[in-house]
Amino acid sequence: MALNIFIAIIILLILAIVFIWYMTNKNERDLIEVQDRIDLLKIGNLKKVLDELTKTQFTGASLKSFQEQQAIYNEIVSEKIPVMNAEVEEIQEDNSRFKVFSVHNKLKTKFQEIDDVKEEINRVNYSLTRLAESTKINASQSNELKDRYQAIRKQLLTKSFVYGLAAPKLEEELKAIELQFEKETELTQKGDHLEAKSLLDVIKKDIDKIDWKMNQIEPLYQELIDVFPGQLEEIESVYQKMKTQKYDFPSPGIEAGVISITDQIANTKEKISTFDFPVVKEQNAKIASEIDGLYSTLEEEANAKNEVQKTGDKVFEFLQHAKNQNDTLISSLKKISRDYILLNQEDEEVHSYQEQIYELIEQYHERSEEMATDSVIYSEILTANNQTTEKLTEIETKQKEIHENFQAMVEGVEVAKVSVNNYANSLKNQKLRIDQLRLLGLPKDYLDYYKMVASEINKMQGQLNEPKINVDEVSKQSFIVQEDLSNLEQKTDELVNNVKLTEIAIQYANRYVNSDEEVREASQNAKRLFDQDFDYTGALNIIGGSLEKVEPGSMKRLQDSMGA
């Protein structure tokens with residue numbers, strides 16, 4: 001047992017010795033790396049930059065920045081790096097005394113310190129490099145901006161006419177930039193390069209603004225001083241030529257339009273000086289639109305004159321045609337009104353068209369005379385001619401309708417004459433069918449209806465024989481006769497069928513009169529109704545009912561035999 005414990009202790013001691021040996025070696029390697037990192041810090045490059053900048057004169061913000069970076073550098077060189085070297089030696093001694101855990105922790109801290117110093121050196125290097133470069137950059141940027149400034153100033157001086165009332169204000173802005181350049185030069189000479197750089201940025205923005213304004217102004221002002229006036233001059237020239245050719249124009253007229261646009265151009269020029277470009281663009285667009293309107297007016301009147309000259313004869317021909325048509329219609333109206341009663345105001349309409357056509361002809365002559373002697377607005381002449389054509393087309397359509405009504409009236413009367421003859425023949429046929437039955441008399445309701453239809457036919461014949469035929473009344477009467485005659489034909493069919501079937505039934509009943517008292521009595525009553533009362537329907541019902549009792553289905557067979 002004691003031996004085992006001893007062996008375990010020996011093993012633990014060996015493991016501890018191995019671990020300490022391992023950690024000591026590892027710490028030694030880390031110490032070498034720490035020292036290498038300290039040695040690799042780029043202090044030499046930073047010192048070179050500082051030495052160069054020391055020769056440069058700085059003032060203001062630049063001097064303050066240089067001094068801050070120089071102080072940081074001195075602190076790193078004189079304090080932080082020597083301290084880190086001393087601490088590395090102490091850690092080396094601790095490692096030789098086998099303080100492996102303490103050394104390990106101190107090395108971790110030291111690595112972080114070196115990284116922090118390295119980052120600080122990089123920041124100082126960046127700031128100093130930027131400060132060194134600012135002098136070169138400022139000089140380059142300053143030269144570039146001065147070149148732009150001179151180019152813009154030259155453009156403004158040589159082409160001031162294209163900037164109008166804005167030119168003086170642009171010159172003021174350029175003078176302000178010139179003062180800024182002087183201040184930038186002063187700052188550079190004093191060594192305040194950072195402030196000079198900030199001022200150069202402001203100058204660049206101001207030059208960009210002026211450049212943008214001039215680019216905006218030039219095309220807008222060019223329209224106001226060149227494009228629009230040139231167009232107005234062309235419009236006035238064309239207008240004067242057209243006036244000599246006896247053109248006139250609708251209100252407010254070309255002259256008033258030119259004056260209004262000229263005033264707008266003057267007002268808009270003043271807006272240029274305020275650099276209110278959205279308003280100027282809007283005004284220019286309005287002016288351009290109104291100028292287009294004047295062009296359109298000139299073109300419209302020229303086109304209208306061509307159209308009037310091209311279609312004027314056609315309008316006159318249409319007027320003559322409409323007048324002749326109406327004269328013919330009036331003649332037809334007089335002829336028809338002698339023979340027919342007109343109920344649809346055709347007479348008033350036709351004479352109204354005559355008045356309208358005469359008025360249109362008079363207006364056309366007035367326009368023609370005006371064109372021959374005075375200046376006219378041809379678009380209004382064209383509109384009037386087109387309205388005349390539309391009105392004539394409308395009248396012609398109505399004339400055609402009336403003419404067709406006249407024809408339909410005449411044709412309707414001819415049809416009615418044929419129809420009334422057909423009605424009379426149909427009535428004769430009904431009478432012939434009844435006469436062929438050789439009856440002793442007819443039912444009163446049938447006779448009354450027959451007389452009514454005959455009276456209606458006579459009435460229609462009388463209407464057609466009137467000196468002036470009322471076509472409307474004839475048409476109504478024809479419809480009544482046609483309907484009542486159709487009803488009479490149905491009544492005649494019914495009467496003829498009842499008479500024939502009753503006669504056959506009475507004859508057929510003779511076979512039962514001696515053997516059946518009820519049939520005999522029904523036969524006697526049916527004969528009485530047939531011969532004395534002329535009630536053929538009642539007679540058929542009595543005899544038919546009696547036969548159906550003694551011989552069911554007999555009446556159906558008798559009726560079928562009639563059809564055969």
Side-chain angles (χ1 to χ4, degrees), residues 304 307-371 376-423 456 459-483:
E307 189 67 18
V308 167
Q309 291 176 339
K310 184 170 68 175
T311 61
D313 291 341
K314 293 181 180 179
V315 175
F316 181 73
E317 290 173 3
F318 199 176
L319 284 166
Q320 293 301 315
H321 170 73
K323 177 181 178 301
N324 294 335
Q325 285 281 91
N326 216 71
D327 290 344
T328 302
L329 202 58
I330 290 174
S331 177
S332 299
L333 179 65
K334 290 179 180 179
K335 182 178 179 182
I336 288 175
S337 62
R338 287 197 298 267
D339 300 325
Y340 303 97
I341 296 175
L342 304 177
L343 302 177
N344 296 321
Q345 295 82 42
E346 286 92 346
D347 182 63
E348 292 181 10
E349 287 185 37
V350 172
H351 284 90
S352 170
Y353 299 149
Q354 185 181 44
E355 292 176 3
Q356 293 178 46
I357 292 169
Y358 283 152
E359 184 177 355
L360 292 173
I361 291 174
E362 183 178 354
Q363 292 172 355
Y364 176 82
H365 286 314
E366 288 176 356
R367 292 196 297 272
S368 298
E369 184 177 350
E370 186 180 5
M371 284 188 291
V376 295
I377 302 174
Y378 281 98
S379 59
E380 294 180 357
I381 299 291
L382 180 60
T383 299
N385 282 355
N386 289 338
Q387 290 174 347
T388 297
T389 301
E390 291 174 6
K391 187 63 179 177
L392 291 175
T393 301
E394 179 184 339
I395 291 174
E396 187 177 47
T397 301
K398 296 292 186 180
Q399 288 173 334
K400 184 178 179 182
E401 289 178 3
I402 293 174
H403 178 69
E404 289 174 351
N405 289 340
F406 287 168
Q407 286 185 319
M409 188 182 301
V410 174
E411 292 172 358
V413 169
E414 295 304 316
V415 170
K417 288 179 179 179
V418 173
S419 296
V420 77
N421 290 331
N422 291 336
Y423 298 154
E456 289 174 350
K459 180 179 179 181
M460 183 175 173
Q461 288 175 331
Q463 289 174 336
L464 290 170
N465 290 327
E466 289 287 338
K468 293 183 71 171
I469 299 173
N470 189 326
V471 178
D472 188 58
E473 290 297 327
V474 169
S475 297
K476 291 178 183 178
Q477 187 63 25
S478 177
F479 178 79
I480 293 171
V481 171
Q482 188 175 10
E483 186 174 0

Contacts of [X] that satisfy side chain to side chain donor-acceptor pair (under 3.5 Å) - sequence neighbours left out:
X: Tyr423; answer: Ser478
X: Glu380; answer: none
X: Gln356; answer: Ser352, Lys391
X: Tyr378; answer: none

Rounded to the nearest 0.5 Å, what separation is found between the [atom1] atom of [X] and the [atom2] atom of [Y]?
X: His321; Y: Ile357; atom1: NE2; atom2: CD1; result: 9.5 Å
X: Ile395; Y: Gln354; atom1: CD1; atom2: CD; result: 11.0 Å
X: Gln477; Y: Glu456; atom1: CD; atom2: CD; result: 6.0 Å
X: Gln363; Y: Gln387; atom1: CD; atom2: CD; result: 9.5 Å
X: Leu319; Y: Thr389; atom1: CG; atom2: OG1; result: 8.0 Å

| query | Has Lys398 got more than 12 heavy atoms of other residues, nucleotides or ligands less than 6.0 Å from its NZ? | reply |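 Result for NZ/Lys398: open.
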| request: State whether the number of non-hydrogen atoms from other residues, nucleotides or ligands found under 6.0 Å of Glu404 atom CD is greater than 12. | output: yes
| Looking only at heavy atoms, what is the nearest atom pair of Ala322 and Leu392, with distance? |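 Smallest heavy-atom distance, with atoms named: CB-CD2, 3.7 Å.
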| request: Mind listing the closest non-hydrogen atom pair of Gln463 and Ile469 along with its distance? | output: O-CG1, 4.0 Å
| Verdict with reasoning, Val413 to Val474, per side-chain contact (heavy atoms from CB on, under 4.5 Å) | CA-CA 8 Å; Val413 169; Val474 169; 5.9 Å; no
Side chains of [X] and [Y], heavy atoms from C-beta outward: is any pair under 4.5 Å?
X: Thr388; Y: Tyr364; result: no
X: Asn385; Y: Val308; result: yes
X: His365; Y: Phe316; result: yes

| Pairs flagged by side chain to side chain donor-acceptor pair (under 3.5 Å) wherever residues 324-333 is involved - sequence neighbours left out | Lys323-Asp327, Asn326-Gln399
| message | Walk me through whether Arg367 and Glu370 qualify under salt bridge (charged side-chain N to carboxylate O under 4.0 Å, His left out). | response | CA-CA 5 Å; Arg367 292 196 297 272; Glu370 186 180 5; over 6 Å; no
| Non-neighbouring partners of Glu396 that pass salt bridge (Lys or Arg N to Asp or Glu O under 4.0 Å), sequence neighbours left out | none
| field | Electrostatic pair Lys314:Glu317 at N-O distance under 4.0 angstrom | value |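 Answer for the salt bridge query: no.
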